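Presented below is the structure to which this report refers.
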Number of protein chains: 2
Amino acid sequence: MNTKPVYLIDDDAAVRDALALLMLSHGYTVRAFESGETFLAAIQADSEGVAVLDVRMPGLSGLDVFDRLREQDSELIVIFLSGHGDIPMAVQAVKQGAFDFLEKPCSEQALLNKIDDALEVALGRQASRGNQHEAEKRLATLSPREREVMERVLAGKLNKQIADELNIAIRTVEVHRANVFAKMGVRSALDLAQLLAAR
Amino acid sequence: MNTKPVYLIDDDAAVRDALALLMLSHGYTVRAFESGETFLAAIQADSEGVAVLDVRMPGLSGLDVFDRLREQDSELIVIFLSGHGDIPMAVQAVKQGAFDFLEKPCSEQALLNKIDDALEVALGRQASRGNQHEAEKRLATLSPREREVMERVLAGKLNKQIADELNIAIRTVEVHRANVFAKMGVRSALDLAQLLAAR
DNA sequence: TGCAGCATTGTGGTTAACCACAGGCGGACA
DNA sequence: TGTCCGCCTGTGGTTAACCACAATGCTGCA
């Protein structure tokens with residue numbers, strides 16, 4: 001069973017409680033909120049998991065909350081629940097990256113299936129983001145000069161070309177080049193390019 | 001004005017004619033079909049452009065036609081028109097890659113805007129596919145042995161390692177390596193990796 | 001003031017890639 | 001049978017990458 005949380009946001013307490021109990025009984029980690037405002041105040045920018053969002057809520061609507069999440073590049077996977085939605089709204093939400101858009105009332109099994117699917121996607125994203133994060137951390141250790149040399153190495157230039165361009169000795173290029181490779185944990189320009197392409 | 005065709009598929013002649021005239025009057029290249037069957041029989045697997053698809057048609061429905069297009073990896077951009085669609089249908093179509101899902105009747109201006117947007121997407125895809133196609137063509141010129149060597153070059157192995165693995169002389173690895181670079185139009189393993197990553 | 005980090009440079013030696021020139025064999029096809 | 005293509009190999013030479021060992025200078029900070 002996946003340990004990533006499912007955030008449930010619905011102003012209707014009866015619905016919220018029923019869905020929360022359903023999810024809890026299926027082993028999910030659940031956090032419930034009565035409004036978009038309280039939900040947004042509680043999460044971090046780097047929170048991961050699935051958000052089940054009611055569209056129609058006083059104050060911030062589900063779509064407003066979704067906009068906020070997109071603004072902060074949130075990694076949360078969003079499933080909309082709507083009792084009064086229409087096709088244009090649903091199509092737009094999905095085109096903007098929502099994972100799904102379900103009509104209320106929907107079958108419990110269908111919702112649970114969607115949540116399972118969404119949690120799998122969240123897991124896949126975590127793995128890919130781990131690689132990205134590591135590469136970024138290593139890149140941050142490079143000095144300005146090392147970065148200049150790295151760009152030219154990745155452009156396929158010879159050390160002597162780089163030396164000409166930067167007005168330094170070939171030996172200095174070699175030193176920077178070796179430093180870049182060491183800090184990035186690679187052994188060749190090819191290795192480095194592939195590391196950076198994979199993020 | 002974009003020269004890529006807009007394919008209009010609707011069994012209702014009145015609607016089809018009205019929309020066709022609208023599009024023609026805005027300078028689009030239009031081809032109209034009364035059924036999914038006639039449309040599918042008329043296009044090629046590599047046809048490009050925008051398909052405006054009515055959902056509800058006798059014989060093959062718009063969704064059936066969309067399935068066929070996806071099966072043949074068609075490059076056509078699909079906009080659905082639906083008089084009786086619902087949210088789950090719309091959400092599924094968009095999640096499966098349809099460009100949009102509009103309800104009939106829809107404003108002429110909205111439809112024209114969507115078609116413009118879709119044609120832009122089609123253009124962007126053509127450029128990116130041109131690169132991809134060229135790389136694939138070059139890849140197809142490689143002999144089996146050259147391909148074996150290329151994989152190991154891209155894995156960052158030394159020529160002498162490759163020679164050991166394939167039980168051949170280092171000089172032979174060099175020959176294959178040179179042949180691969182020449183056929184692929186690159187000058188280094190880095191160049192090659194970047195060419196293949198860009199497709 | 002001393003130390004760390006960054007940038008720089010030289011010398012000499014090794015390894016690897018690259019290739020011109022040369023050659024051979026086997027299979028497929030006209 | 002002759003030609004083409006793919007696969008293979010050796011020799012000798014050049015260029016480029018890599019680095020151990022050694023050294024200098026500048027800046028920022030405790």
Side-chain angles (χ1 to χ4, degrees), chain A residues 130-199, chain B residues 130-199:
Chain A
N131 295 336
Q132 193 170 13
H133 186 58
E134 187 59 37
E136 299 293 344
K137 265 174 56 188
R138 290 177 184 174
L139 278 171
T141 66
L142 300 183
S143 73
R145 202 60 160 169
E146 284 163 355
R147 210 166 278 124
E148 284 179 339
V149 169
M150 182 184 80
E151 285 159 9
R152 288 162 174 79
V153 168
L154 287 174
K157 296 177 191 268
L158 305 180
N159 290 345
K160 85 173 167 182
Q161 284 174 319
I162 297 170
D164 282 347
E165 286 181 21
L166 301 180
N167 275 299
I168 50 176
I170 292 178
R171 185 73 192 91
T172 306
V173 174
E174 290 172 358
V175 170
H176 289 315
R177 188 189 185 101
N179 288 341
V180 168
F181 288 176
K183 289 179 178 180
M184 297 305 292
V186 298
R187 291 184 306 173
S188 67
L190 176 64
D191 249 357
L192 177 61
Q194 286 170 336
L195 174 68
L196 296 181
R199 56 170 191 147
Chain B
N131 295 336
Q132 196 170 9
H133 186 60
E134 187 57 38
E136 299 291 346
K137 264 173 60 188
R138 290 177 186 173
L139 278 171
T141 66
L142 300 183
S143 74
R145 201 60 158 167
E146 283 162 356
R147 210 166 279 121
E148 285 178 340
V149 169
M150 182 184 78
E151 284 160 10
R152 289 162 172 77
V153 167
L154 288 174
K157 296 178 191 269
L158 304 181
N159 289 346
K160 83 174 170 183
Q161 284 173 318
I162 297 170
D164 282 346
E165 287 181 16
L166 300 180
N167 275 300
I168 50 177
I170 292 178
R171 185 74 193 90
T172 305
V173 173
E174 290 172 358
V175 170
H176 289 314
R177 187 189 185 100
N179 288 342
V180 169
F181 289 176
K183 289 178 178 181
M184 296 305 293
V186 299
R187 291 183 306 173
S188 67
L190 177 63
D191 248 359
L192 178 60
Q194 287 170 335
L195 173 68
L196 296 181
R199 59 171 186 145

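Reminder, nothing fancy here: chain letters follow the sequence lines and each chain counts from 1. It should be emphasised that the depicted structure is a prediction, and the values quoted were computed from it without experimental measurement. Computed from heavy atoms alone, side chains included, the values below leave out hydrogens, waters and symmetry copies.
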Query - Integer-rounded Å distance: dC19(D) P and Asn179(A) CG - result: 10 Å
Query raised in the report: Counting any heavy atom closer than 4.0 Å, what does Ser143(B) reach on the DNA or RNA strands: base, sugar-phosphate only, or nothing?
Result: sugar-phosphate
Query raised in the report: Below 3.5 Å, does any donor atom in the side chain of Glu174(A) face an acceptor in the base of dC19(D), or the other way round?
Result: yes
Report summary line: To the nearest 0.5 Å, atom CG of Leu192(B) lies from atom NZ of Lys183(B) at 13.5 Å
Report summary line: Atom CD of Glu146(A) and atom C1' of dG5(C) are separated, to the nearest Å, by 10 Å
Query - Nearest to side-chain heavy atoms of Ile168(B), which nucleotide of dC8(D), dT9(C), dA7(C) - result: dC8(D)
Requested in this report: Specify the residue among Lys160(A) and Ala178(A) whose closest nucleotide of DNA chain D lies further upstream toward the 5′ end.
Outcome: Lys160(A)
Requested in this report: Look at the side chain of Arg177(A) and decide which nucleotide, out of dA17(D), dT8(C), dC7(D), has an atom nearest to it.
Outcome: dA17(D)
Report task. Might you confirm whether atom CZ of Arg187(A) has over 12 heavy atoms from other residues, nucleotides or ligands at distances under 6.0 Å? Result -> no
Query - Full working for salt bridge (charged side-chain N to carboxylate O under 4.0 Å, His left out) between Arg138(A) and Glu134(A) - result: CA-CA 6 Å; Arg138(A) 290 177 184 174; Glu134(A) 187 59 37; 3.3 Å; yes
**Report entry** Under-4.0 Å salt bridge between Glu174(A) and Arg171(A)
**Finding:** yes
Query raised in the report: Can you check the Leu158(A) CG to dC18(D) P distance for me, whole Å?
Result: 11 Å
Report task. May I have the distance from Leu192(B) (atom CG) to dA17(C) (atom P), rounded to whole angstrom? Result -> 15 Å
Query raised in the report: Given dT8(C), is OP1 or OP2 found less than 4.0 Å from the side-chain N or O atoms of His176(A)?
Result: yes
Query raised in the report: Expressed in angstrom and rounded to an integer, what is the separation of Arg147(A) atom CZ from dC6(C) atom C1'?
Result: 13 Å
**Report entry** Side chain proximity check, Ile168(A) to Arg145(A), heavy atoms < 4.5 angstrom
**Finding:** yes
For nucleotides 22-25 of chain C, give me every protein contact, N/O to N/O, under 3.5 Å, one pair per line with atom names.
none

Report task. Give the C-alpha distance, both sets of side-chain angles, the deciding distance and a yes or no for side chain to side chain contact (heavy atoms under 4.5 Å, CB included) between Val173(A) and Leu166(A). Result -> CA-CA 9 Å; Val173(A) 174; Leu166(A) 301 180; 5.7 Å; no
Requested in this report: Give the rounded distance in Å between these two atoms: CD1 of Ile170(A) and P of dG12(C).
Outcome: 16 Å
Query raised in the report: The side chain of Thr172(A) lies closest to which of these nucleotides: dG10(C), dT8(C), dT9(D)?
Result: dT8(C)
Query raised in the report: How close or far is atom P of dT8(C) from atom CG of Asn167(A), stated in whole angstroms?
Result: 10 Å
Requested in this report: Report the distance from atom CG of Asn159(B) to atom C1' of dT9(D), rounded to the nearest whole Å.
Outcome: 15 Å
**Report entry** Pairwise distance CZ(Phe181(A)) to CD(Glu146(A)) - rounded to 0.5 angstrom
**Finding:** 12.0 Å
